[in-house]
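These numbers come from the heavy atoms of this one structure, side chains and all, not from hydrogens, waters or symmetry mates. All of these numbers come straight from a predicted model, not from anything done at the bench.
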Amino acid sequence: MGLAGQLQRVMRLGFDWDTTDISIMLLAKVAKPFFGTAKIVINSLHVKGDLLLMPILDGKAILYSFISTPEVRITVAFGSGGSQSLPATELPGVSSWLVKLLTDTLSKTMVEPRRQCFSLPAVDLRKKAVGGIIYVTVISASKLSRSSLKGSPTRRQPSFAVDGLQEHFDDKDLQTFVEVELGELTRRTYVRPGSSPQWDSTFNMVLHDNTGTVRFHLYERTPGSVKYDYLASCEIKMKYVSDDSTIFWAIGPDSGVIARHSEFCGKEVEMVLPFEGVNAGKQLAVRLVVKEWQFSDGSYSFNNFRVSSQQMLNGSSNFLSSTGRKINVTVVEGKDLITKDKFGKCNPYVKLQYGKVLQKTRTAHFFNPIWNQKFEFDEIGGGEYLKIKCYTEEVFGDDSIGSARINLEGLVEGSVRDVWVPLEKVNSGELRIQIEAVSIDDYEGSRGSAYPGNGWIELVLVEARDLIAADLRGTSDPYVRVHYGNLKRRTKVMYRTLNPRWHQTLEFPDDGSPLELHVKDHNALLPTSNIGDCVVEYQRLPPNVMSDKWIPLQGVKRGEIHVQVTRKVPELQKRPSLDPEPSLTKAHQISSQMKQMMIKLQSSIEDSNLEGVSNPLSELEALQDMQEEYMVQLETEQMLLLNKIKELGQEILNSSPSLSRRSSGS
């Protein structure tokens, strides 16, 4: 056998494995004429065949495979095993079905020329790889022709000319592309013409294990049609080695071996693969780069460096139980998302599932959306994956435009993982996800409860600039709708401007909820238009320190909003009153003003004065929001008062020993 053109030494061994010391129970659903489910117990297994061993890479690894399909025998029983088992004749054919299943699996994975790899590293770092990031580049192909590739028989044209000339005539208009497959993740190159196409397409791929198979499928595009004809395939297998390197191997010419060794992450490996089952000379050139290996303890290797988690330094595990930490997941942005809409529109949103908890982003309106939305989950042990599904919002039902999963095992506190995750089951699309593990103490502190008596959020909406025009006259009537948990507030409307100034202060009880701003264009008669969104990050602000910042608006081409946000803590600063007047008196005044606006509105409607309708409506909305604001103020003051009463009672108990003993005695 050949290894890159050299003589390959091999060893042939007889393999005969027979065991009765097993008990594997399968639960199977049976079809008619039987009903229900059956317990199938495998109590013996026999595999016999000839093994082929091939050392590669100067003895760094051994490839092994069966020379031909091995003989397989399986003995089964039914029931719950042991003395309660029923004979196999109760369900005839089950044993032969299991034999066929195992035989087919062996044939597809480790019967010549399919081979498995056993690595022999000089150093064992005792690291368990649980995933990796691989960049795969499809470079080019050579000597492609319809007559020699695995196409549909109807595609092959009869030759009436001299051999070679007719082939040249048939293949000069050949248009091909390559589909790259890794697990459930697939990507496609562009279509290129000719018998030696040049693609140079690179794809970001994700591996969810320490081994994987990258498959390359060659297709021909039929001119003037959406039909694609399958032509041929080839594949590369890869495996993480415990000395922090990676081995790649593939089927070479004449069923030989092509093997490469990447000593560290970031090192490029280039391979020229023959297409399987076709005439010699038809080859595909590819390049692979392992960008990162991820390990079960939270560490990861990239670019010849290993980043260690804290537990590697102190020798103890940092992976806590489900009540020990919180997981913060931020869906930042997406790119190159697909659309199934016939008009080419894309309205994407993302659903996250971690354990039984589901979260959803807002809907964006671009192929490269920006969400910047953070979600919190309770950490779950046992290697639970974060499942991601991306959809596009449609009128008659939402369409899936890809999915992915991320292994959250071994996250390290204080370190944010920022990754681009390619979407599976589609040909295009990636999501940028940021993941952070936070201990309960840090988490509570970030939500405000680390300070006794809790507190409130003071948000000042100062101004905005360079907003988009929502009206035909080239201006907007902007106002801001603020969402904080279940609470909703809004500013006054600033008419006919793209640079509004509100200077309006809103307050909310500090419970850690997301603080979202939605800039709207006011319209008295038609639905309001959205002219930008953003999220105000405040959770990690120090107490009573104002953060002054301009925040770019998302979902639009331009626009920024100027805000000032402060986390007020009553123990460190006495809370000022919003108004010198009592809140209840102010609420009565608002109610009176609302009645007056209703009278004006009714009068404008009776007079058919449409222009006069706009101002009363706007004033009514503003008064309603103001009334809600004072209700929140009352609730906040009540909460602070109750906390103070509790603290005062505790101080009295602590200062009086007799009361403390009496309280503990009761």
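Atoms SG and CG, on Cys390 and Asp399 in that order, are 11.5 Å from each other to the nearest 0.5 Å. Taking CD from Gln564 and NE2 from His503, the interatomic distance works out to 8.5 Å, rounded to the nearest 0.5 Å. Atom-to-atom distance recorded for Glu507:CD and Arg489:CZ is 11.0 Å, nearest 0.5 angstrom. For the atom pair CZ of Phe377 and CD of Gln353, the computed distance is 9.0 Å after rounding to the nearest 0.5 Å. To the nearest 0.5 Å, atoms CE (Met546) and CG (Asp548) are separated by 5.0 Å. Once rounded to the nearest 0.5 Å, the distance linking CZ of Phe375 with CG of Asn328 reads 11.5 Å.
Between Ile551 and Val536 there is a side-chain heavy-atom pair separated by less than 4.5 Å. Val350 has its side chain within reach of Trp371: a pair of non-hydrogen atoms, C-beta onward, lies under 4.5 Å apart. Using a 4.5 Å heavy-atom cutoff, the side chains of Trp550 and Val462 are not in contact. Looking only at side-chain heavy atoms (C-beta outward), Val482 and Leu461 come within less than 4.5 Å of each other. Considering only heavy atoms from C-beta on, Pro348 stays 4.5 Å or farther from Tyr391 through its side chain. Side chains of Asp533 and Leu517 form no contact here, defined as non-hydrogen atoms less than 4.5 Å apart. In this structure, Thr491 and Pro500 have side chains that are not in contact, with every pair of non-hydrogen atoms separated by 4.5 Å or more. The shortest side-chain heavy-atom distance between Lys291 and Val289 falls under the 4.5 Å cut-off.
Nearest heavy-atom pair, Ser428 versus Arg187, reported as atom, atom and distance to 0.1 Å: N-NH1, 3.8 Å. Looking at every heavy atom in both residues, Asp521 comes nearest to Asp477 through OD1-N, 2.6 Å. Ser476 and Ala470 get closest at one heavy-atom pair: OG-N, 2.9 Å. Across Gly334 and Leu431, no two heavy atoms sit closer than the pair CA-CD2, 4.0 Å. Scanning all heavy atoms of the two residues, the minimum distance from Leu337 to Gly429 falls at CD2-CA, 4.0 Å. Minimum interatomic distance between Arg362 and Tyr349 (heavy atoms only, all atoms of both residues): O-CB, 3.6 Å.
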Hey, mind stepping through Thr189 and Phe216 against side chain to side chain contact (heavy atoms under 4.5 Å, CB included) and telling me if it holds? CA-CA 11 Å; Thr189 67; Phe216 304 90; over 6 Å; no
Given side chain to side chain contact (heavy atoms under 4.5 Å, CB included), test Arg465 with His562 step by step and report yes or no. CA-CA 8 Å; Arg465 65 188 177 195; His562 182 197; over 6 Å; no
Does Ile531 form a side chain to side chain contact (heavy atoms under 4.5 Å, CB included) with Lys520? I'd like the steps, not just the answer. CA-CA 6 Å; Ile531 52 179; Lys520 305 283 187 178; 5.7 Å; no
Is there a side chain to side chain contact (heavy atoms under 4.5 Å, CB included) between Lys387 and Lys351? Walk through the geometry before answering. CA-CA 8 Å; Lys387 299 174 184 177; Lys351 283 186 177 180; over 6 Å; no
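In this structure, the side chain of Thr497 engages the main chain of Asn499 through a donor-acceptor pair within 3.5 Å. No side-chain donor-acceptor contact under 3.5 Å links Arg405 to the backbone of His208. Distance alone, capped at 3.5 Å, is enough to place a donor-acceptor pair between the Asn368 side chain and the Asp336 backbone. Judged by distance alone, with hydrogens and angles left aside, the side-chain atoms of Thr392 form no donor-acceptor pair with the main-chain N or O of Cys346 at under 3.5 Å. Using modelled atom types, no side-chain atom of Arg215 and backbone atom of Leu182 make a donor-acceptor pair closer than 3.5 Å. Checking side-chain atoms of Thr505 against main-chain N and O of Val460 turns up no donor-acceptor pair under 3.5 Å. No donor-acceptor distance shorter than 3.5 angstrom exists from the side chain of Arg558 to the backbone of Leu553, with no hydrogens or angles considered. Trp502 places a side-chain N or O within 3.5 Å of a backbone atom of Lys492 that can act as its donor or acceptor partner. Without hydrogens or angle criteria, Arg567 side chain to Leu541 main chain gives a donor-acceptor distance under 3.5 Å.
His483 and His518 have tilted rings, their planes meeting at an angle from 30° to 60° on a 0 to 90° scale.
When each of Gln359, Glu379, Glu376 is paired with Tyr354, the side chain to side chain contact (heavy atoms under 4.5 Å, CB included) condition holds for Glu379 and for no other.
Judged by distance alone, the side chains of Asn204 and Glu430 do bring a donor and an acceptor atom under 3.5 Å apart. With no hydrogens or angles considered, a side-chain donor-acceptor pair links Thr363 and Glu393 at under 3.5 Å. A donor-acceptor pair shorter than 3.5 Å can be found between the side chains of Thr137 and Thr202. Using modelled atom types and a 3.5 Å distance limit, the side chains of His217 and Glu181 yield a donor-acceptor pair.
For Tyr484, the ring-ring contact (aromatic ring centres under 6.0 Å, His included) test picks out Phe508, with sequence neighbours left out. Residues satisfying the side chain to side chain donor-acceptor pair (under 3.5 Å) test with Glu268, not counting sequence neighbours, are none.
The number of heavy atoms from other shown groups lying within 6.0 Å of NZ (Lys335) is above 12. Residue Lys425 places its NZ atom among 12 or fewer non-hydrogen atoms of other residues, nucleotides or ligands, all under 6.0 Å distant.
Aromatic ring centroids of Tyr219 and Tyr228 lie 6.0 Å or more apart.
Trp199 does not carry Arg188 over the face of its six-membered ring by the limits of under 6.0 Å from the centre and within 45° of the normal.
A salt bridge links Glu292 to Arg417: one of the charged nitrogens lies within less than 4.0 Å of a carboxylate oxygen.
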